[in-house]
Participant: 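Dumping the structure here so I can ask a few things about it.
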Amino acid sequence: MQIPFDNSYARLPDAFFASVEPTPVATPSMIRLNFQLAETLGIDRDWLESPDGLAVLSGNQLAEGSQPLAMAYSGHQFGGFSPKLGDGRAILLGEVRSEDGTRFDIQLKGSGPTPFSRRGDGRSALGPVLREYIVSEAMAALGVPTTRALAAVTSGEDVFRDGRVPGGVFTRVARSHIRIGTFQWFLARQDHENLKVLADYVIARLHPEARHSENPYVALLQAVIERQAELIAHWMQLGFIHGVMNTDNMNVSGETIDYGPCAFLDVYDPEKKFSSIDHQGRYSFSNQGSIGLWNLTRFAETLLPLIHDDQERAVAMAEDVLGSFFDLHQAAIERRFTAKVGLGKCEQGDWNFVKDLLAVMAESNADFTLVFRHLADTLETGKSQAFIRLFKSPDAVGEWLKNWRNRLKDVDQDEAVALMRRSNPVYIPRNHRIEEAIEAGNGADFGPFHRLNDVLQHPFEPRPEFVEFESAPEPAEVVQATFCGT
Ligand code: AMP
Ligand code: MG
């Protein structure tokens, strides 16, 4: 077998998925392969690069051992419940185990219609394929739990979105593609039997420690809450806005999933949102923790029938666990943000101190990433001009800088610099750079796409040859709207 498949999801009851084969594309062509990831999955590099590899990764041929299927799921989208979503343009080819035994899904996106494609064509435009490749691999390099990119290909066919655009197929790898919405699928159908099958499957595959707990389903809820509390704090540390935190886009593995209208902040604005259809700011930067809890509450609802036969008892037990989310999330934020200013231990008053800086940044429309990088330079070199220049006036931040120097007096300076360096990336996938790569890619020039991917593989390491990727966009370069990436 070229891909060592072992497909556990395909062994679940029929109600979990629809078997469906990818629909071939006209003239596929490889854009980029992720050899490092392929190696951890036990997939041979020579085969991947061969015409057979391309045929599999474009959906034109089925690999031996593959049992292609579209997963069933529901979801709350912008607060409204859709009982029938499912993989409408994605097909799970199968699962493999990495060297350390971890099970991974291999999924094609844009591989043609499935029984869950309602209005759509099951295809993907090239733009979202390139965006997901860039951002998911950048997130991985930044250390954020995320789905991964194994390959991106052009299909040689156009798709119709706002107009005619080139199509692509993306190969996604994840510890699973099970979402809160997968649980909601069975709750919406009052199928408690399969709800239990799903929960037991998720515990065995993703949260095995929960099995030994007094109540494994409460422990499952707790485990997912812990992962999400930390994950969302990690996003915020880096200025990342997911953009469309629907319950079908929240993976119970704790991996970031669905890179549609997502983006990293340039200017710091806590109210910033990126989805052009998010009129209420439901998924804005600073609302991500609250919406995470909202989604986890929907998850808890699906587990109630499993937690206890007595509904009231079940609710009380679930509420108890849900109540831990905010403390966990807040503690993670405080730890991550105080590290950004060089403080390894968060002491009394330190979080307020960070909040003061964030307030000044918002006041000054300062660039989120540059502020923290230049702050580290300030400590290392003693020169603060570049930092101060990011603010409206020297007075705006002078008082804060003085207090910060004072606070850092008791701290080992080298350690503080090192902590800041590894908490504050030099390179993030800035939206204008992604757009630039997509625009060139739509004209069949993948140079900018490759260059951006290359620089983002080492986001914490300044390199003079990539200096232009550090900068914030010029006013004319700022991307005005990010649409849902279908
Ligand atoms: P997403 O925007 O990726 O969260 O997708 C929401 C739902 O729309 C999922 O059920 C997708 O499978 C479905 N969908 C998105 N784009 C397409 C498409 N081009 N064809 C068919 N279904 C789609
Ligand atoms: Mg989705």
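Given the structure is predicted, the values throughout are model-derived calculations rather than measurements. Read the numbers this way: they start at 1 and go in the same order the structure lists the ligands and their atoms.
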Participant: With atoms numbered from 1 as shown, which atoms in ligand 1 lie under 4.0 angstrom from a non-hydrogen atom of G120?
Facilitator: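 Counting atoms of ligand 1 from 1, those under 4.0 Å from G120 are 18 (C), 20 (N), 21 (C).
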Participant: Just so I know, are the side chains of V202 and F183 near enough to count as touching, which here means a heavy-atom distance under 4.5 Å?
Facilitator: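 Heavy-atom side-chain distance check passes, below 4.5 Å.
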Participant: Can you name the atoms of ligand 1, numbered from 1 with element, that are less than 4.0 Å from a heavy atom of Y73?
Facilitator: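 Matching atoms, with element in brackets: 9 (C), 10 (O).
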Participant: Quick one: closest heavy-atom pair of M236 and F368, and the distance?
Facilitator: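 In terms of heavy atoms, the two residues are closest at O-CZ, 3.6 Å.
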Participant: We want to know whether T247 and Y73 form a side-chain donor-acceptor pair, criterion being a heavy-atom distance below 3.5 angstrom.
Facilitator: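 On atom types as modelled, these side chains do not qualify, holding no pair under 3.5 Å.
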Participant: Examine ligand 1 and decide if any of its atoms is less than 4.0 Å from a heavy atom belonging to Q77.
Facilitator: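 Per 4.0 Å heavy-atom rule, Q77 contacts ligand 1.
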Participant: Does either side chain, that of H76 or that of N246, offer a donor lying less than 3.5 Å from an acceptor on the other one?
Facilitator: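 H76 vs N246: no donor-acceptor pair found between side chains.
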Participant: Between R119, R118, R89, R161, flag the one that comes closest to atom 14 (N) of ligand 1 by a heavy atom.
Facilitator: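 Checking each option, the heavy atom nearest atom 14 (N) of ligand 1 is found in R89.
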Participant: When you measure from the side chain of K273 to the backbone N and O of H279, does any donor-acceptor pair fall under 3.5 Å?
Facilitator: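 No, K273 side chain to H279 backbone: no donor-acceptor pair under 3.5 Å.
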Participant: Who passes side chain to side chain donor-acceptor pair (under 3.5 Å) against T147, sequence neighbours left out?
Facilitator: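 Listed in chain order: nothing, the list is empty.
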Participant: Of the backbone atoms (N, CA, C, O) and the side-chain heavy atoms from C-beta on, which set of F116 has a member under 4.0 Å from an atom of ligand 1: side chain, backbone, both, or neither?
Facilitator: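 Looking at F116 and ligand 1, no heavy atom falls under 4.0 Å.
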Participant: Please verify the inter-ring angle class for Y9 with F17; under 30° counts as parallel, over 60° as perpendicular, anything in between as tilted.
Facilitator: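 Tilted: the ring planes of Y9 and F17 meet at 30° to 60°.
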Participant: Decide whether an N or O pair under 3.5 Å exists between S117 and ligand 1.
Facilitator: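 No.
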Participant: If we set the cut-off at 4.0 Å for heavy atoms, which region of N246 has an atom near ligand 1: side chain, backbone, both, or neither?
Facilitator: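 For N246, no heavy atom sits under 4.0 Å from ligand 1.
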Participant: I'd like to know if the side chain of H329 pairs up with that of Q228 as donor and acceptor (distance under 3.5 Å, no hydrogens or angles considered).
Facilitator: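 Short answer, no.
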Participant: Is there a donor-acceptor contact under 3.5 Å linking the side chains of N34 and E137?
Facilitator: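 A donor-acceptor contact under 3.5 Å links the two side chains.
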Participant: May I ask whether G122 has any heavy atom positioned less than 4.0 angstrom from an atom of ligand 1?
Facilitator: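 For ligand 1, residue contact (heavy atoms, under 4.0 Å) with G122 is present.
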Participant: Looking at non-hydrogen atoms alone, which of D121, L85, D87 comes nearest to atom 19 (N) of ligand 1?
Facilitator: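 Result: the heavy atom closest to atom 19 (N) of ligand 1 is in D121.
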Participant: Where do L195 and L306 come nearest, in terms of heavy atoms and distance?
Facilitator: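 Reported closest heavy-atom pair: O-CD1, 3.8 Å.
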Participant: Decide whether the shortest distance between a heavy atom of K109 and an atom of ligand 1 is less than 4.0 Å.
Facilitator: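 No, K109 has no heavy atoms under 4.0 Å from ligand 1.
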Participant: What atoms of ligand 1 come closer than 4.0 angstrom to any heavy atom of D248?
Facilitator: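 So the answer, numbered in order with elements, is 4 (O).
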Participant: Counting each atom of ligand 1 from 1 as listed, which ones have a heavy atom of N249 under 4.0 Å away?
Facilitator: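 What qualifies from ligand 1 is 4 (O).
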Participant: Taking only residues two or more places apart in sequence or in another chain, which ones pass salt bridge (Lys or Arg N to Asp or Glu O under 4.0 Å) with R103?
Facilitator: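 Testing R103 for salt bridge (Lys or Arg N to Asp or Glu O under 4.0 Å), a comparison that skips the adjacent residues, returns D6, E95.
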Participant: Check side chain to side chain donor-acceptor pair (under 3.5 Å) between D248 and all other residues, then give those that pass, not counting sequence neighbours.
Facilitator: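 For D248, no residue satisfies side chain to side chain donor-acceptor pair (under 3.5 Å) once neighbours in sequence are set aside.
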Participant: Strictly under 2.8 Å of the Mg ion (ligand 2): which protein N/O/S atoms qualify?
Facilitator: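 Protein N, O or S atoms closer than 2.8 Å to the Mg ion (ligand 2): N249 OD1, D258 OD2.
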Participant: Of all the atoms in ligand 1, which lie at a distance below 4.0 Å from a heavy atom belonging to G86?
Facilitator: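 Heavy-atom distances to G86 below 4.0 Å select 9 (C), 10 (O), 11 (C), 12 (O).
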